[in-house]
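Structure, as structure tokens:
Just so you know, these numbers come straight off a predicted model, no measurement behind them.
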There are 2 protein chains.
Amino acid sequence: MPETHESPVPLRSHCPVNYALEAVGDRWSLIVMRDILLNGKFRFRDLLAAEERIATNVLSERLARLAEHRIIEKIRDPDDGRQFIYVATEKGESLMGAILELGAWGAEFDADTDAPPGTTKKFRADRSGTISAALEAYRKSRPRLTR
Amino acid sequence: MPETHESPVPLRSHCPVNYALEAVGDRWSLIVMRDILLNGKFRFRDLLAAEERIATNVLSERLARLAEHRIIEKIRDPDDGRQFIYVATEKGESLMGAILELGAWGAEFDADTDAPPGTTKKFRADRSGTISAALEAYRKSRPRLTR
DNA sequence: ATTTTTAACTTGCATTATGCAAGTGAATAC
DNA sequence: GTATTCACTTGCATAATGCAAGTTAAAAAT
């Protein structure tokens, strides 16, 4: 059961980069956030279907951790009591820039990337515009639910 | 001993975000790159002194991995044969944007951040300018050595 | 020239994180 | 009611990380 308050885990440091890495610097957290923010996945089973094949226990832990950090919020689906919907908080939405930067870097240096040609160049030509556009698209795709 | 060629490790996917995470998405790689790119640390002992306390074997592995991925280069110090100097390749330098984005996010959401006030706001007001300036500063600070 | 110190690692072992397959309980569908 | 779906949990194997001590080569001190 998730705690109500953020637990005061001692951080390795308060360097802002380190803070980010302690929150999302593992093998899976940013894959989950990518799927929520960019791929329109909001349910456990959809996130589970990521082509990188996350295990159920790991996805479960990651979602709990992200919720503890107030990066996502877990909401029961009013139309189906078995299901939950995971949406990004403002804090989670703010990861968009970092995720797109990492993606631009990956697209530039992976010779076999799935990204369409020109992705990196376009992103770097207008970083803030691309980020804003992606955020707007996310906000439109996100299910609107009352908590 | 480092391999001459990048080993064809099978990737989980060719999503550009996933490529980045497979290369540097662990607890330490971006801390090391932060220290090289932003903190003027180029030697094993300097990187070891990161306040996050990386272990010697882990630092050693990370440096080897980063070199395999052609993100850094290991150069013997011509003035002291015991020492090596680790510098970012162009691929490594290209991580600057992602590191600064993560830092801006961390500075925004860590109430106890070490970052000076206004860091995030300034960065977001001129992302490309801030990144270019940081890269220029890096290139000036980096030791100039012939391979 | 020999000894001591420094730098960059290795090695061995404990702990933690991740991966995999199977199982559970609550809610919906039939 | 029974069966199925959904979101997990459990148990156990393997991999990654953390910690302390040891090794090797080069440089500095004597």
Side-chain angles (χ1 to χ4, degrees), chain A residues 1-2 7 9-13 18 21-32 35-36 41-69 72-87 143 145, chain B residues 1-2 7 9-13 18 21-32 35-36 41-69 72-87 143 145:
Chain A
M1 204 157 289
S7 45
V9 184
L11 294 171
R12 299 182 298 190
S13 82
N18 184 58
L21 293 178
E22 296 218 34
V24 296
D26 64 88
R27 217 141 205 68
W28 290 109
S29 293
L30 288 180
I31 291 288
V32 171
D35 282 347
I36 291 176
K41 298 183 175 180
F42 303 103
R43 292 175 175 77
F44 193 91
R45 65 169 185 284
D46 296 331
L47 295 166
L48 197 60
E51 63 175 331
E52 292 87 7
R53 310 309 324 277
I54 188 169
T56 57
N57 57 342
V58 176
L59 176 55
S60 179
E61 273 180 71
R62 269 329 86 97
L63 290 170
R65 255 176 63 87
L66 289 167
E68 271 175 43
H69 283 278
I72 62 173
E73 223 175 335
K74 178 181 185 172
I75 300 167
R76 190 178 288 271
D77 184 341
D79 300 331
D80 185 340
R82 291 170 300 183
Q83 295 188 47
F84 296 92
I85 293 179
Y86 299 93
V87 292
L145 297 170
Chain B
M1 206 157 286
S7 44
V9 184
L11 293 171
R12 298 183 298 191
S13 81
N18 184 59
L21 292 178
E22 297 217 35
V24 297
D26 64 87
R27 218 144 201 67
W28 290 109
S29 293
L30 288 180
I31 292 286
V32 171
D35 282 347
I36 291 176
K41 297 183 175 181
F42 303 104
R43 291 175 177 77
F44 192 92
R45 65 171 184 283
D46 297 330
L47 295 166
L48 197 61
E51 64 176 328
E52 292 88 5
R53 310 310 322 277
I54 188 171
T56 57
N57 56 342
V58 177
L59 176 56
S60 179
E61 272 179 72
R62 273 322 88 98
L63 290 170
R65 257 176 61 88
L66 290 168
E68 269 175 43
H69 283 277
I72 62 172
E73 224 175 334
K74 178 180 184 173
I75 299 167
R76 188 178 289 271
D77 185 341
D79 300 332
D80 185 339
R82 291 170 301 183
Q83 295 188 47
F84 296 92
I85 293 179
Y86 298 93
V87 291
L145 297 172

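Atom pair A/F42:CZ and D/dC6:C1' shows a separation of 18 Å (rounding to whole Å applied). Regarding B/I54, its CD1 atom lies at a distance of 11 Å from the C1' atom of D/dG18, rounded to whole Å. Atoms CG (B/L21) and P (D/dA16) sit 16 Å apart, rounded to a whole Å. When rounded to the nearest whole Å, the span between CD1 of B/I72 and P of C/dA8 equals 13 Å. Computed from coordinates, the A/R27 CZ to D/dA16 C1' distance equals 9 Å when rounded to whole Å. For A/D77 and D/dA7, the CG to P distance is 9 Å, given to the nearest whole Å. For the pair A/L48 CG and D/dC6 C1', the interatomic distance rounds to 11 Å; values are reported in whole Å. Atom CG of B/D26 and atom C1' of C/dT18 are 14 Å apart (whole Å).
Between the side chain of A/T56 and the base of D/dT9, at least one donor-acceptor pair of N or O atoms lies under 3.5 Å.
The side chain of B/R43 lies closest to C/dA8, out of C/dA8, C/dG19, D/dC8. Set against C/dG19, C/dA8, C/dT10, the side chain of B/S60 has C/dT10 as its closest nucleotide. Candidate nucleotides D/dG18, D/dC8, D/dA26 were compared by shortest atom distance to the side chain of B/D80, and D/dA26 ranks first.
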**Request:** Test salt bridge (charged side-chain N to carboxylate O under 4.0 Å, His left out) on B/D77 and B/R82 and set out the steps.
**Result:** CA-CA 8 Å; B/D77 185 341; B/R82 291 170 301 183; over 6 Å; no

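The distance from atom CZ of B/R45 to atom CZ of B/F84, rounded to the nearest 0.5 Å, is 13.0 Å. Note that the CG atom of A/L59 and the CD1 atom of A/I31 stand 12.0 Å from one another [nearest 0.5 Å]. Atom-to-atom distance recorded for A/I36:CD1 and A/L63:CG is 6.5 Å, nearest 0.5 angstrom.
Counting non-hydrogen atoms under 4.0 angstrom, B/R65 reaches nothing in the nucleic acid. Heavy atoms of A/R53 sit nowhere under 4.0 angstrom from any nucleic acid atom.
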Could I get a table of every N or O pair under 3.5 Å where one atom is in the protein and the other is in nucleotides 13-16 of chain C?
none

At a cut-off of 3.5 Å, list every protein nitrogen or oxygen paired with a nitrogen or oxygen from nucleotides 3-6 of chain C, distance to 0.1 Å.
residue, atom, partner, partner atom, Å
C/dT6, O2, B/R82, NH1, 3.0

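Between D/dT17 and B/R62, a contact under 4.0 Å exists linking OP1 or OP2 to a side-chain N or O. Residue A/W28 has a polar side-chain atom (N or O) positioned under 4.0 Å from OP1 or OP2 of C/dG19.
With 3.5 Å as the limit, one finds no donor-acceptor pair spanning the side chains of B/Q83 and B/R76. Between the side chains of B/D26 and B/S29, a donor-acceptor pair is found at a separation under 3.5 Å.
Taking 4.5 Å as the limit, some side-chain heavy atom of A/T56 sits within range of a side-chain heavy atom of A/L48.
Under a 3.5 Å cut-off, the side chain of B/R65 and the backbone N or O of B/A23 do form a donor-acceptor pair.
In this structure, A/Y86 and A/F44 approach most closely via the heavy-atom pair CE1-N, 4.2 Å.
When the nearest nucleotides of DNA chain C are assigned to B/Y86 and A/E61 by heavy-atom distance, the more 5′-ward of the two goes with B/Y86. DNA chain D is contacted by both A/F44 and A/R12; A/F44 maps to the nucleotide lying nearer its 5′ end (nearest heavy atom per residue).
Sorted by first and then second residue, the salt bridge (Lys or Arg N to Asp or Glu O under 4.0 Å) pairs involving residues 50-61 of chain A (not counting sequence neighbours) are A/R34-A/E52.
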